[in-house]
**Q** 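Below: one structure in structure tokens.
The structure displayed is predicted, hence computed values, not measured ones.
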Amino acid sequence: WLTRFIVELTAPVIGIEPTIVLVPRSRMPNLPLTAADSPTSMSTGNSIRGNSIFSREANVADTKRPYVIAIEEHYWDKEVAGKWGAGEGAGPPLIRDRLFDLYDTRLKLMDEAGIDVQVLSLGAPSTQRFDPQAGPAIARGANDRLYEVCKRHPNRFGAFAALPTANPEAAADELDRTVSEMGFKGAMIHGLSHGHKFVDLPEFWPIYERAEKLDVPIYLHPAMPHPAVVEAYLKDYLKEFPGLSSAAWGFTIETATQGLRMVLSGVFEKYPRLKIILGHMGEGLPFLLWRIDMALARPGGKKVPFREPF
């Protein structure tokens with residue numbers, strides 16, 4: 001079941017992100033490389049659009065293994081990082097150094113791991129905690145620089161846009177620009193906007209309206225929970241177990257809650273063709289679907305068919 005599910009993620013779906021997409025090479029588009037696919041002739045926005053990053057140039061002789069597309073592949077932008085310091089879950093210096101590397105070491109490690117394509121995304125908190133006035137220009141600069149990276153290696157890199165979610169209208173416009181002019185594959189949102197707002201709230205719906213129009217996914221990636229949640233639930237053990245507020249449990253609290261709220265908000269009724277990727281295999285929600293669906297159907301509240309829209 002899982003293998004079939006992962007392969008079927010290559011078609012447009014509202015689904016749960018498995019981090020790695022495995023595609024039988026027999027199902028890959030049999031597209032010849034053209035001059036437009038050459039790293040030396042990347043001069044237009046169309047150069048990394050469509051199927052060009054899914055060509056067979058990388059590891060073309062190895063036709064027996066699946067074509068591997070990794071879609072949760074973070075990097076750090078030095079200019080953005082200089083404004084907010086260390087990112088969430090940064091880890092040891094080796095990891096931090098590799099997050100800034102977008103060329104030699106990254107490509108070498110991709111080859112060693114058998115990864116054909118990475119869809120790159122700016123790591124948390126990305127451009128979501130900047131104020132509504134400053135955020136749009138910062139996001140635009142980060143996306144412009146990422147586009148230059150993708151132009152250098154169009155058959156190895158794609159991109160998810162960074163969005164200034166504190167300014168939803170500007171975020172929708174930036175999504176449109178990066179997809180329409182640069183060929184980005186969608187956008188990634190890391191957890192709460194401004195550090196305290198869930199992004200299912202109607203004020204953020206212009207982003208989803210534009211994503212539906214463009215027919216690209218919005219990737220909801222885990223991030224740190226609201227500070228009040230950390231204070232109430234986790235602070236007693238954080239000194240000894242700092243990972244508790246992030247990957248050990250905090251990400252699950254934040255992202256599973258966001259997934260629930262997306263369905264309950266009605267955004268999928270408003271935009272029925274919207275595609276959402278929920279990070280980290282849904283942070284446990286797939287294993288709780290029956291229980292959630294049953295509990296929400298009990299008498300006394302508004303009935304909502306949670307399982308089907310999820």
Side-chain angles (χ1 to χ4, degrees), residues 1-23 66 68-74 88-89 91 119 121 123-124 160 186 188-192 197-201 208 211 217-226 228-230 232-234 236-238 241-269 271-310:
W1 174 88
L2 183 60
T3 301
R4 184 173 70 253
F5 178 74
I6 291 173
V7 170
E8 289 176 352
L9 273 175
T10 58
V13 293
I14 299 173
I16 304 160
E17 172 272 324
T19 303
I20 300 292
V21 180
L22 306 176
V23 186
V68 179
I69 305 163
I71 64 174
E72 188 177 303
E73 303 298 299
H74 303 318
E88 295 180 357
V119 183
S121 53
F160 285 128
M188 180 173 286
I189 295 176
H190 293 272
L192 305 173
K197 283 191 174 184
F198 281 103
V199 294
D200 56 90
L201 296 172
Y208 305 125
I218 299 294
Y219 190 133
L220 299 181
H221 182 270
M224 302 288 279
H226 191 289
V229 172
V230 175
Y233 284 29
L234 306 173
D236 299 323
Y237 296 97
L238 284 181
F241 309 103
L244 194 61
S245 64
S246 55
W249 192 242
F251 287 172
T252 298
I253 295 172
E254 184 276 325
T255 303
T257 303
Q258 182 64 88
L260 280 164
R261 291 174 59 108
M262 287 295 291
V263 175
L264 299 180
S265 71
V267 69
F268 295 113
E269 284 71 41
Y271 307 111
R273 293 183 295 106
L274 174 64
K275 300 181 180 71
I276 294 293
I277 305 171
L278 191 58
H280 294 192
M281 203 62 188
E283 287 290 356
L285 278 181
F287 302 98
L288 299 171
L289 281 182
W290 180 88
R291 179 179 179 176
I292 295 169
D293 203 52
M294 178 271 295
L296 290 177
R298 290 173 178 171
K302 179 181 177 180
K303 290 181 172 58
V304 56
F306 180 83
R307 184 173 182 171
E308 289 306 315
F310 182 82

**Q** With under 30° as parallel and over 60° as perpendicular, where do the rings of Tyr219 and His221 fit, or are they tilted in between?
**A** tilted

**Q** Is Ile292 close to Phe310 at the side-chain level, that is, under 4.5 Å between some pair of heavy atoms?
**A** no

**Q** Rounded to the nearest 0.5 Å, what separation is found between the CE atom of Met294 and the CZ atom of Phe306?
**A** 13.5 Å

**Q** Specify the closest pair of heavy atoms between Gly250 and Pro225, including all atoms of both residues, with the distance to one decimal.
**A** O-CG, 3.3 Å

**Q** With rounding to the nearest 0.5 angstrom, report the CZ to CG distance, Arg307 to Leu289.
**A** 6.0 Å

**Q** Are Met224 and Val230 close enough that some pair of their side-chain heavy atoms sits under 4.5 Å apart?
**A** no

**Q** Would you please name every residue forming a ring-ring contact (aromatic ring centres under 6.0 Å, His included) with His226, sequence neighbours left out?
**A**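 Partners of His226 under the ring-ring contact (aromatic ring centres under 6.0 Å, His included) test: none.
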
**Q** Does Tyr233, at its OH atom, have more than 12 non-hydrogen atoms belonging to other residues, nucleotides or ligands within less than 6.0 Å?
**A** no

**Q** Should we count CZ of Arg261 as having more than 12 external heavy atoms under 6.0 Å?
**A** yes

**Q** Below 4.5 Å, heavy atoms only, C-beta onward: do His280 and Thr255 meet side chain to side chain?
**A**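 Of all side-chain heavy-atom pairs linking Thr255 with His280, none is under 4.5 Å.
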
**Q** Using side chain to side chain contact (heavy atoms under 4.5 Å, CB included), reason through Gln258 and Leu220 one step at a time and then give a plain yes or no.
**A** CA-CA 8 Å; Gln258 182 64 88; Leu220 299 181; 4.1 Å; yes

**Q** Does any non-hydrogen side-chain atom of Leu274 lie less than 4.5 Å from one of Val267?
**A** yes

**Q** Val119 versus Glu73: any side-chain heavy-atom pair under 4.5 Å?
**A**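 The answer is no; the side chains never approach within 4.5 Å.
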
**Q** Test side chain to side chain contact (heavy atoms under 4.5 Å, CB included) on Met262 and Tyr208; report intermediate values, then the result.
**A** CA-CA 11 Å; Met262 287 295 291; Tyr208 305 125; 4.0 Å; yes

**Q** Hey, are the side chains of Glu254 and Glu283 touching, using non-hydrogen atoms and a 4.5 Å cut-off?
**A** no

**Q** Return the minimal non-hydrogen interatomic distance between Pro309 and Val263, and the atom names on each side.
**A**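 Heavy atoms only, the tightest pair is CG-CG1, 3.8 Å.
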
**Q** With rounding to the nearest 0.5 Å, note down the distance linking OG in Ser246 to CG in Leu234.
**A**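 Between atom OG of Ser246 and atom CG of Leu234 there are 10.0 Å.
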
**Q** Do Leu296 and Leu264 come within less than 4.5 Å of each other through their side chains, counting heavy atoms only?
**A** yes

**Q** With a 4.5 Å limit on heavy-atom distance, are the side chains of Ile276 and Phe268 in contact?
**A** yes

**Q** Evaluate the criterion side chain to side chain contact (heavy atoms under 4.5 Å, CB included) for residue pair Ile277 and Ile218; output intermediate values, then yes/no.
**A** CA-CA 6 Å; Ile277 305 171; Ile218 299 294; over 6 Å; no

**Q** Can you name the nearest heavy-atom pair linking Pro222 to Gly279, along with the distance?
**A**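 Closest heavy-atom pair between Pro222 and Gly279: CD-CA, 4.2 Å.
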
**Q** From Ile189 CD1 over to Ser121 OG, what is the distance, rounded to the nearest 0.5 angstrom?
**A** 12.5 Å

